[in-house]
Every structure is written in structure tokens, then in C-alpha cells.
Amino acid sequence: MVSEPIKSRPVARVLRALEEHDGELSTCSVVWHELRFGASRLPAGKRRRAIEAYLDEAVRRALPILPYDERAAEWHGVERARLEKRGRPPTAADGQIAAIASVNDLVVVTKNAKDFRRFRALAVENWHSSR
């Protein structure tokens with residue numbers, strides 16, 4: 001969701017939700033990695049510079065970036081084993097994001113809510129769909 005404002009066609013309801021929750025938002029180290037990785041893969045030029053500036057100014061400076069720490073790793077290990085036994089193992093990144101949110105009592109906001117709903121007792125919202 002944090003990249004929505006820099007998309008060529010941002011979804012208005014997502015922009016409204018970002019404004020509505022201004023000051024309440026955070027992201028995590030796993031998402032930060034994905035954002036930086038995506039920007040770094042772009043060819044050098046105006047678009048890449050604009051995205052990197054947005055990441056530094058609007059994301060890094062404005063949002064706390066929560067770590068994948070010992071508590072998150074423990075939660076992730078237990079939950080990953082539970083889901084694997086059910087034949088539904090999560091990707092490593094999704095498991096880490098879910099773990100960071102869970103141990104910090106946060107809501108995961110994602111367009112891909114289906115992949116996060118399988119985690120036990122994890123609050124998930126999709127701001128792209130009707131709220």
C-alpha cells in the first residue's frame with residue numbers, strides 16, 4: 001500500500017485510507033527490502049530517482065520500519081510448521097511480514113489478503129476492495 005501514491009494510476013480509496021490513517025502507519029523490514037529491491041532493479045534515470053526519493057522521504061522518514069526480530073522469528077517458526085502440516089506453507093516473506101505484524105499487534109494491509117488470511121489470529125485488510 002505504501003507504493004500506491006507513486007503509481008501511474010493510484011486507487012483513490014487507497015489514497016484516502018492512507019490519509020485517514022496518517023500517523024498510525026508503519027511498515028516492516030521485509031517490505032522495506034522489497035521496495036528497495038524493486039527500485040534498485042530499475043535502470044538509472046528519472047523514474048528510478050523519483051521512486052528512490054519517495055522511498056527515502058515518504059516512507060523511511062515518515063513510517064517506522066519494524067524489524068524481523070527474535071519474537072517474530074519464534075512466531076513465524078511455529079505458524080510456518082502449523083501451516084506446513086496443513087499443506088499450505090507460506091512464502092518466507094509472507095510469513096515474516098505476518099510475524100512482524102502479529103507480535104506488534106498490527107493489521108496487515110495488503111492487496112493480496114488471501115495469502116495472509118491463513119495465518120492464525122492475524123488481522124488483515126485490503127484497502128483496494130470496498131471498506
Side-chain angles (χ1 to χ4, degrees):
M1 297 297 157
V2 297
S3 62
E4 195 70 27
I6 59 171
K7 290 184 177 178
S8 59
R9 291 187 187 155
V11 174
R13 82 178 94 218
V14 174
L15 296 178
R16 283 192 302 274
L18 287 167
E19 287 180 27
E20 178 183 322
H21 293 283
D22 187 39
E24 302 170 1
L25 303 172
S26 61
T27 192
C28 68
S29 54
V30 180
V31 172
W32 180 246
H33 160 83
E34 292 296 327
L35 293 168
R36 294 306 306 204
F37 173 67
S40 297
R41 292 177 56 199
L42 294 172
K46 185 178 179 180
R47 181 170 179 247
R48 178 174 170 170
R49 283 192 304 275
I51 290 171
E52 289 175 335
Y54 171 79
L55 292 177
D56 288 337
E57 295 164 17
V59 179
R60 179 188 285 160
R61 291 193 183 132
L63 301 179
I65 299 175
L66 304 174
Y68 181 74
D69 60 13
E70 181 180 345
R71 290 183 319 131
E74 183 172 337
W75 184 96
H76 184 199
V78 171
E79 192 62 3
R80 180 179 174 197
R82 182 186 73 81
L83 290 170
E84 191 171 275
K85 285 178 189 173
R86 301 177 101 201
R88 301 177 64 203
T91 66
D94 286 354
Q96 291 173 330
I97 292 165
I100 293 166
S102 181
V103 301
N104 288 285
D105 295 319
L106 299 171
V107 176
V108 173
V109 180
T110 178
K111 188 175 182 179
N112 193 18
K114 180 184 77 158
D115 287 345
F116 287 91
R117 294 203 195 283
R118 63 182 145 176
F119 292 102
R120 185 178 293 166
L122 182 68
V124 181
E125 292 182 12
N126 178 353
W127 291 350
H128 279 84
S129 62
S130 297
R131 293 180 49 179

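If you're wondering where the values come from, they're calculated on a predicted model, not measured in any experiment.
- With rounding to the nearest 0.5 Å, the separation of NE2 in H21 from CE in M1 is 11.0 Å.
- Interatomic distance, D94 CG to T110 OG1, rounded to the nearest 0.5 Å: 7.5 Å.
- For P10 against L15, the heavy-atom pair with the smallest separation is CB-CD1, 3.7 Å.
- N104 contributes atom CG, which lies 7.0 Å from atom OG of S26 (distance to the nearest 0.5 angstrom).
- Between atom CD1 of residue I97 and atom CG of residue L106 there is a gap of 12.5 Å, rounded to the nearest 0.5 Å.
- Counting all heavy atoms, side chain and backbone alike, W127 lies closest to V14 at O-CG2, 3.5 Å.
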*asked:* For a salt bridge (Lys or Arg N to Asp or Glu O under 4.0 Å) check, start with the C-alpha distance between E19 and R16, then their side-chain angles and the critical distance, and finish with the verdict.
replied: CA-CA 5 Å; E19 287 180 27; R16 283 192 302 274; over 6 Å; no

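- For the atom pair CD of Q96 and CD1 of I100, the computed distance is 6.5 Å after rounding to the nearest 0.5 Å.
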Side-chain donor-acceptor pairs of residues 64-76 under 3.5 Å, sequence neighbours excluded:
{"residue": "Y68", "atom": "OH", "partner": "H76", "partner atom": "ND1", "Å": "2.8"}
{"residue": "D69", "atom": "OD1", "partner": "R71", "partner atom": "N", "Å": "3.3"}
{"residue": "D69", "atom": "OD1", "partner": "A72", "partner atom": "N", "Å": "3.0"}
{"residue": "R71", "atom": "NH1", "partner": "V103", "partner atom": "O", "Å": "3.1"}
{"residue": "R71", "atom": "NH2", "partner": "V103", "partner atom": "O", "Å": "3.2"}
{"residue": "W75", "atom": "NE1", "partner": "S102", "partner atom": "OG", "Å": "3.0"}

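- Residues forming a salt bridge (Lys or Arg N to Asp or Glu O under 4.0 Å) with R49 (at least two apart in sequence, or on another chain): none.
- Checked against salt bridge (Lys or Arg N to Asp or Glu O under 4.0 Å), K7 has the following partners two or more places apart in sequence or in another chain: E4.
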Please output the side-chain donor-acceptor pairs of residues 117-124 that fall under 3.5 Å, not counting sequence neighbours, one pair per line with the distance.
{"residue": "R117", "atom": "NH1", "partner": "V124", "partner atom": "O", "Å": "3.4"}
{"residue": "R118", "atom": "NE", "partner": "D115", "partner atom": "O", "Å": "3.0"}
{"residue": "R118", "atom": "NH1", "partner": "R88", "partner atom": "O", "Å": "3.1"}

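- Pairs of residues two or more places apart, or lying in two chains, that qualify as salt bridge (Lys or Arg N to Asp or Glu O under 4.0 Å) and include a residue from residues 28-41 are R36-D56.
- S40 is linked by a side chain to side chain contact (heavy atoms under 4.5 Å, CB included) to R48, counting only residues two or more places apart in sequence or in another chain.
- In this structure, L83 is not a member of the same hydrophobic cluster as V78, with clusters built from ILVMFWY side-chain heavy atoms closer than 4.5 Å.
- Atom CD in E24 sits 12.0 Å away from atom CG in L63 (nearest 0.5 Å).
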